[in-house]
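Please read the structure below before turning to the comments.
To find a chain, count down the sequence lines: A is the first, B the second, and so on, and within it residues start at 1.
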Amino acid sequence: MERILLRRGAGAVEAVELGADGAAGRSTRLHAAAVAGFAAEREGGATPVRWVWDDTTRWYPALLTAGVRVERCTDLRLGHAILRRSPFAAQDLLAGEDTPGWDALQPGPPPDPALFPLADPADLLDPVAEHRRQQAVLAASPQRDRLALLLAAESSGALVAAELTHTGLPWRADVHARLLTGLLGARPGAGRRPAVLERLLEEVRAAFGAPALNPDSPGELLRVLQHAGLPVPDTRSWTLEQLDHPGIPALLEYRKLSRLLAANGWAWLDTWVRDGRFRAVFVPGGVVTGRWASSGGGALSVPTVVRPAAAADEGWRFVVADVAQLEPRVLAGMSGDDAMAQAARAADLYAGMVAAGTVATRADAKLGILGAMYGGTRGESGRMMPRLARRYPRAIGLVEEAARAGERGEVVHTLLGRGSPLPGVWPHEEGDRARRAWGRFTRNFVVQGTGAEWALCWLADLRNRLWRLGGEGDVEARPHLAFFLHDEVVVHTPEHLADEVAEAVRAAASTAGRLLFGAFPVDFPLDVAVVRSWADAG
DNA sequence: TGACATCGGGCG
DNA sequence: AATCCGCCCGATGTCA
């Protein structure tokens, strides 16, 4: 394995060969236009390459545009963010002159050819030095293997995220527009409501005797409801559903459609869908737990009602796969809880709990497990806890301990070593309440974060399998990842490869399980569907 | 006019 | 009084 570091210099790019100790070796100066050619040549060579760079978002989009796919990289920005908080990392080894610069480094802005390139704070940082520090931290870590796996998985995720934006999710604007027209009426002129909303609005105003009511204003709506004799504390849908009043159904319907219009209406189509693709911007490591975030287009909350518009190209298919009950399975694995892993042997973990006689019904199982992971102590889920704690002592013990540690103000960590942030100052008068809230956060952090690590390993392995499956051509000409949603992937593939893709998705899931939990027997069964449209899955 | 907070609701 | 974890986003409302 050869490591080549790319850095920007004055008017040119430098490709630096790194020695085994991370020291800078031979260096090649490249004009910006020659970088892609250089990368393609080395990537296609006999020696595997790991590209080391400050930030994947600052390098990879241009390479992809030039048709260059990269097998592996080290993303120093993401690695730094993890190591900075990890209890497995010696902070003094990570400290350097430009540490504050690395701390503050944000993902690169999307390249805009219309703008003159501004000064990039990343150009003030020395990637060779930062890489050596990160290597030193890994070498000295008591959990070197786990931490190294985490950094590799995070970097691989950065490659996937860039590729997802590059290829985009196939999106039929015509299908989407037809759907909108069916639900809302024809697209109205600027500043006007569609006919269906207009009709519902009049109905609501009449029912509450408020001819000027704007239901989009919670304050105004609350006053009108209370004036109508409905003693509600807020205007959430769940609250409104409990009310018996002739205006409520129209109000709820108005809210639902108004939300669709605002979030995923014609304006969304105009902004986010071009050339038949929804190009979401994914942000790896964007959530404290290690989950991805997204920016723009609400990529991680595409409503099911518009998913029929996500449709594979002619002659292509989607392979949609999601993990059933990822987080409870991860909890069984990371705690080494044999009884819970036994329940997880079933395709439906909750059914497995019923079959083992732990709980009476599937609903009880779900309620209890979710309560254990989120910190629900009241009502049904709270009543389930003693029984779960007896039956699954290690699993429940792990989340309880994470909660107690959080309440004491301590850092908790995921299986691979991502650390939780330190709590801020708790206001004295709210001490207990804030403390318990932080405990619920740390309780959930260890499970959600380790789930994210499983998903990263799944993605990374799947990405490589898909590439090998494809034969020739660019990423978008082969089976490729088209969307990722915490515990679900959408792969876009030529129809004749769909079955092999489905097999690859399953194989990648078992690889991920082995990477995280070794020989401990916890299963990660997938629901896999080969479909024309995302909406046809599950 | 822009910055910021709050609410409600979409996703996992 | 009483529904738990993490996000993103648009509309509204307040303030400078």
Side-chain angles (χ1 to χ4, degrees), chain A residues 191 193 213-223 231-242 251-252 254-265 267-268 271-272 280-307 310 322-328 330-331 366-385 399 402-403 406 412 414 418 420-421 433 436-452 454-455 483-490 534 538:
Chain A
R193 288 188 179 83
L213 170 65
N214 173 15
D216 295 321
S217 166
E220 199 186 335
L221 181 58
L222 192 60
R223 280 192 295 278
V232 285
D234 56 62
T235 70
R236 287 197 273 266
S237 292
W238 191 87
T239 306
L240 301 184
E241 278 164 21
Q242 315 302 310
L251 176 56
L252 290 170
Y254 175 92
R255 276 269 270 270
K256 208 175 88 193
L257 292 175
S258 164
R259 157 86 198 177
L260 172 65
L261 173 67
N264 296 93
W268 182 91
T271 310
W272 294 105
V281 176
F282 293 95
V283 187
V287 178
V288 278
T289 58
R291 275 190 175 183
W292 289 12
S294 70
S295 104
L300 266 35
S301 52
V302 177
T304 54
V305 62
V306 299
R307 291 187 189 182
D322 74 297
V323 200
Q325 304 115 16
L326 173 60
E327 286 174 1
V330 158
L331 175 56
K366 185 170 178 175
L367 213 61
I369 290 293
L370 291 181
M373 293 190 310
Y374 291 154
T377 52
R378 287 176 287 276
E380 291 295 319
S381 73
R383 279 215 303 280
M384 220 74 70
M385 286 304 289
V399 287
V412 298
T414 60
R418 195 184 301 261
S420 65
R433 203 220 284 241
R436 281 194 300 271
W438 193 259
R440 286 194 300 275
F441 163 65
T442 52
R443 168 195 296 268
N444 187 250
F445 179 94
V446 296
V447 182
Q448 186 183 121
T450 307
W454 183 93
F483 217 70
F484 170 60
L485 213 54
H486 307 308
D487 61 0
E488 176 177 0
V489 294
V490 179
W534 189 11

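Whole-Å rounding puts the A:Arg436 CZ to C:dA2 P distance at 17 Å. Rounded to an integer number of Å, the gap from CD of A:Glu241 to P of C:dT3 is 15 Å. Between the P atom of C:dG13 and the CG atom of A:Leu222 lies a distance of 12 Å, rounded to the nearest Å. A straight line from CG of A:Leu300 to P of B:dG10 spans 16 Å, rounded to a whole angstrom. Taking atom CD of residue A:Gln242 and atom C1' of nucleotide C:dT3, one finds them 12 Å apart after rounding to whole Å. Between the CH2 atom of A:Trp268 and the P atom of B:dG9 there is a distance of 21 Å, given to the nearest Å. Atom CG in A:Leu251 sits roughly 14 Å away from atom C1' in B:dG9 (whole-Å rounding). As rounded to whole Å, 11 Å separates atom C1' of B:dG12 from atom CE of A:Met373.
As rounded to the nearest Å, C:dC4 and B:dG8 have P atoms that lie 14 Å from one another. Remark: the separation of the P atoms in C:dT3 and B:dG9 is 16 Å, to the nearest Å.
As judged by a 4.0 angstrom heavy-atom cut-off over every strand, A:Val447 is placed among residues making no nucleic acid contact. As judged by a 4.0 angstrom heavy-atom cut-off over every strand, A:Trp292 is placed among residues making no nucleic acid contact. Nucleic acid contact class of A:Ser258 (heavy atoms, under 4.0 Å, all strands): none.
With hydrogens and angles disregarded, a donor-acceptor distance shorter than 3.5 Å links the side chain of A:Thr414 to the backbone of A:Arg418. Within the 3.5 Å criterion, the main-chain N or O of A:Gly439 finds a donor-acceptor partner in the side chain of A:Thr442.
Between A:Thr304 and B:dG10 there is no side-chain polar atom (N or O) within less than 4.0 angstrom of OP1 or OP2. Under 4.0 angstrom from either OP1 or OP2 of C:dC4 there lies no side-chain N or O belonging to A:Arg440. Distances shorter than 4.0 Å separate none of the side-chain N or O atoms of A:Asn264 from OP1 or OP2 on B:dG10. Remark: A:Arg255 is in phosphate contact with B:dG9, judged by side-chain N or O atoms under 4.0 Å from OP1 or OP2.
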What pairs of nitrogen or oxygen atoms, one from the protein and one from nucleotides 7-10 of chain C, lie under 3.5 Å apart?
unit_1	atom_1	unit_2	atom_2	d
C:dC9	OP1	A:Gly296	N	2.3

Contact list (N/O, under 3.5 angstrom) for nucleotides 14-16 of chain C vs protein:
none

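Between the CG atom in A:Asn444 and the OG1 atom in A:Thr289 there is a gap of 8.0 Å [rounded to 0.5 Å]. Distance check, rounded to the nearest 0.5 Å: CD of A:Glu327 to CD1 of A:Ile369 gives 11.5 Å. Interatomic distance, A:Gln448 CD to A:Leu326 CG, rounded to the nearest 0.5 Å: 10.0 Å. Atom CG of A:Leu261 sits about 14.0 Å away from atom NZ of A:Lys256, to the nearest 0.5 Å. Taking CZ of A:Arg291 as the reference point, atom CG of A:Leu485 lies at 9.0 Å (rounded to 0.5 Å). Residue A:Leu221 holds its CG atom at 5.5 Å from CG of A:Leu251, rounded to the nearest 0.5 Å.
Ring centroids of A:Tyr374 and A:Phe441 are separated by 6.0 Å or more, keeping the two rings apart.
With distances taken from any side-chain atom of A:Ser217 to the nucleotides B:dG10, C:dT12, B:dG12, the minimum falls on C:dT12. Distance from the side chain of A:Arg236 is smallest to B:dG9 among C:dT12, C:dC5, B:dG9. Which of B:dC7, B:dG10, B:dG12 sits closest to the side chain of A:Gln448 comes down to B:dG12. Distance from the side chain of A:Tyr374 is smallest for C:dC4 among the nucleotides C:dC4, B:dG9, B:dC11. The nucleotide whose nearest atom lies closest to any side-chain atom of A:His486 is, among B:dG9, C:dG6, B:dG8, C:dG6.
The two atoms that bring A:Glu241 and A:Leu252 nearest to each other are CG-CD1, 3.8 Å, heavy atoms only. Across every non-hydrogen atom of A:Ser258 and A:Asp216, the tightest pair is OG-OD1, 3.3 Å.
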